[in-house]
Amino acid sequence: MTSSANTGGTGEQSGRTGGTDGGTSEYDVVVLGAGPVGENFAERARAAGLSVAVVESELVGGECSYWACMPSKALLRPVITQADARRVPGVRGQVEGPLDAEAVLAHRDAFASQWKDDGQVQWLDGIGARLYRGQGRLDGTRRVTVTAADGARRTLTARHAVAVCTGSRAVLPQLPGMDGARPWTSREATSAESVPPRLAVVGGGVVGVEMATAWQALGSRVTLLARDRGLLPRMEPFAGELVAESLRGAGAEVRLGVSVTSVHREGGTVTLGLDDGGSVQAEEVLFATGRAPRTEDLGLETVGLEPGGWLDVDDSCRVHGFDWLYAVGDVNHRALLTHQGKYQARIAGAALAARAQGVPLLESDPWGAHAATADHRAVPQVVFTDPEVAAVGPTLAEAEAAGHRVRAVDYDLSGVAGAALFVDGYRGKARMLVDLDREVLLGVTFVGPGVGELLQSATLAVAGEIPVERLWHAVPAYPTISEVWLRLLETYRG
Ligand SMILES: Cc1cc2nc3c(=O)[nH]c(=O)nc-3n(C[C@H](O)[C@H](O)[C@H](O)COP(=O)(O)OP(=O)(O)OC[C@H]3O[C@@H](n4cnc5c(N)ncnc54)[C@H](O)[C@@H]3O)c2cc1C
Ligand SMILES: NC(=O)c1ccc[n+]([C@@H]2O[C@H](COP(=O)([O-])OP(=O)(O)OC[C@H]3O[C@@H](n4cnc5c(N)ncnc54)[C@H](O)[C@@H]3O)[C@@H](O)[C@H]2O)c1
C-alpha cells in the first residue's frame, strides 16, 4: 500500500509521458472494465486505502447501465404496471388503450442517461480512482497497456493486482445469411428508437422472454422462437409455462422446440428459415442466444492464458494459478447477473485488501468473508415478465442431480388472500425445496404478478440456512402475497 493511497489520493507514480507512448504509471490495483463490477471492485480497493486505476473502452457503467438491466427494466416497468392495472376492478377501464410507446422509449432513454456516462465518471472521481479511457490489454505480469481511441498508448503497472471485469457480449449463431441480416442483439433490443411492426425473437432465455414481453406490449407483433421444449429452461418448468401462456395471451406467437437454420434480409424484411421446414418474416430479428466473455482482445496470451475463454477463478475470484490476477463479474461465468457480480466484487475486494495488508490466513471457508459462497448456493434472479419470475437457489432437477434428498413443496398462489387482492384472477405458483437431511431450504421459486419483491425473503431463508422450524415463527403479514410462506410451510408440515 502506498502512502499517497492512504491519504486518499490516486497514488499514481508517472514515468515518461508524451507522443504516442504516454509512459508508465504505477498503481496498487488496475481494474479492466468499468461496468458495475469494475466500479464496485475499484470502490472496495479504494476503501481499503489502495490506489486504483480503472480502464474503460466504452462507457463507465458498462453493459448494465446502457444496454442491459437499466434500459430493459425501464421498458418493462410500464408494461407490467399496465398489465397489473388491467386486472384491478375500477382501474381496468381507465387503462384500456395501448401504451404510449414514445413516452416509454423516452423513459428508457432517461434511465440509460442518454448513453452518456458523466454521472458515473464523477462517481469514480469521487472515490479517488483514476480513469483511463481506451482498450486495456494485459502485457505480462502486473502490466496493462491502454490504447486510447486516437492510438495513444500508455502502460500501467500494478503493485498488487489486476482485476479483469470486462463482462460479456451477445453471441450470434453462425447461420447462412447472417452477414447481411443486420440482426438485433440485446444492445439494439434495449436501445432501439422505434417499434418494428414485426419482431422475431430467437432464444427463450431471460433476454428473449423479457424483450418479447416489452416489444409486444409496445406494439410489435412478436414471434418468439425457442429451440428448447419450454421457455426459461434454467428455471422450474412451471415458470416458462406461465410466461409462455401469458405471452400468447398478449398476442405474441410462441413456438417451442424449433431451431432457426438460415436468415435472409431483403430490404426491410428479414426471413428466418426453420428446421421444421417453415419460415418466419419480420422487420427485425433479435438473437437472444447467450453470451461470450470479452476476453478475446485482452492480452491473455501474454500471461499464458487462452484468449476468448471464460476466466476460471477460485472463491475469492482470483484466477487459478496466479497470485495477482482477479476475474470478477460476467467474465468468470459464475453467475451472469449484476447483483452477483457486485457481490463478487465485495468479496474479491476484501480478499485483495487482506492480501495487500499481509493478513496470513484468509476467511475462505464457505460463507467466510473471502469466499463468494452465494454463487454456488443462493443466486437470486428476477425475470421481469408478466407474470414475474423470482427464484433463488437450485431448481428441483438441479438439487436432485447434485445428490440432495429433497422435497418440493408447491402452492398455487391464487389461494393466497393477498394475491387475490393484488389482481383479479391471480395466476401464479410457488415452490420451495426442503433439504430433508438438514431441514433447511435449498431453493425457492415464485411465479406471479408482484412476486419480484418477495424474493429477498427467500434469499434470506436460503443463504441464512434458517431451519424450517424457525421459519414457522416468521409470521407473514395478512393479507399480503408473502402469506404464501405460511401456506408452503403448512403444506410441508401437514
Ligand atoms: C438485456 C439484458 C438485461 C439484463 N438484465 C439484468 C437484470 O435485470 N438484472 C441483473 O442482475 N442482470 C441483468 N443482466 C446481466 C447484467 O447486464 C450483467 O450481469 C452485468 O452487466 C455484468 O457486469 P460486468 O461489470 O461484469 O460487465 P459489463 O456490464 O459488461 O461491463 C464490462 C465493461 O468492461 C468494458 N471493457 C470490456 N473489455 C475492455 C477492455 N479490454 N478494456 C477496457 N474496458 C473493457 C466494457 O466496455 C464494459 O463497460 C442483463 C443482461 C442483458 C444482456
Ligand atoms: N432479469 C435478469 O436477471 C436478466 C435479464 C436479462 C439477462 N440476464 C442475464 O443475461 C444472461 C444472458 O441472457 P440470454 O437470454 O442472452 O442467455 P441465456 O443463456 O439465458 O439464454 C439463451 C437461450 O438461447 C438459446 N439458444 C442458444 N443458441 C441458440 C440458437 N442457435 N438457436 C436458438 N436458440 C439458441 C439457449 O437454448 C437459451 O435458452 C443470462 O445469463 C441472464 O442471467 C438477466
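Values below: every heavy atom of this structure, side chains too, minus hydrogens, waters and symmetry copies. Fair warning: this is a prediction, and the values are worked out from it, not measured in the lab.
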Q: Within the side chain of R407, is there an N or O that forms a donor-acceptor pair under 3.5 Å with the backbone of Y492?
A: yes
Q: Verify the ring-centre separation between W472 and W485: is it less than 6.0 angstrom?
A: no
Q: Within this structure, what is the CG-CE distance for the pair L488 and M432, rounded to the nearest 0.5 Å?
A: 5.0 Å
Q: Between R169 and E296, is the closest basic N to carboxylate O distance under 4.0 Å?
A: yes
Q: Evaluate salt bridge (charged side-chain N to carboxylate O under 4.0 Å, His left out) for R405 paired with D435, printing each intermediate quantity in order.
A: CA-CA 6 Å; R405 218 164 57 81; D435 177 336; over 6 Å; no
Q: Salt-bridged, R431 to D410, with N to O below 4.0 Å?
A: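 Yes.
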Q: Treating Q82 as the side-chain partner and V79 as the backbone partner, does any N or O pair qualify as donor plus acceptor under 3.5 Å?
A: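 The answer is no, because no donor-acceptor pair under 3.5 Å joins these two groups.
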Q: In terms of side-chain geometry, is the basic nitrogen of R87 or D386 positioned less than 4.0 Å from the acidic oxygen of its partner?
A: yes
Q: Rounded to the nearest 0.5 Å, what separates atom CG in D330 from atom CG in L336?
A: 4.0 Å
Q: Please confirm whether the backbone N or O of A374 pairs with a side-chain atom of Y343, one donor and one acceptor, at under 3.5 Å?
A: yes
Q: What is the ring orientation for Y326 with F41, classed by angle as parallel under 30°, tilted 30 to 60°, or perpendicular over 60°?
A: tilted
Q: One thing to verify: whether E43 and K342 come together as a salt bridge, which I'm taking to mean a side-chain N less than 4.0 angstrom from a carboxylate O.
A: no
Q: In Å, rounded to the nearest 0.5 Å, how long is the span from CD of E188 to CD of E284?
A: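 The distance works out to 9.0 Å.
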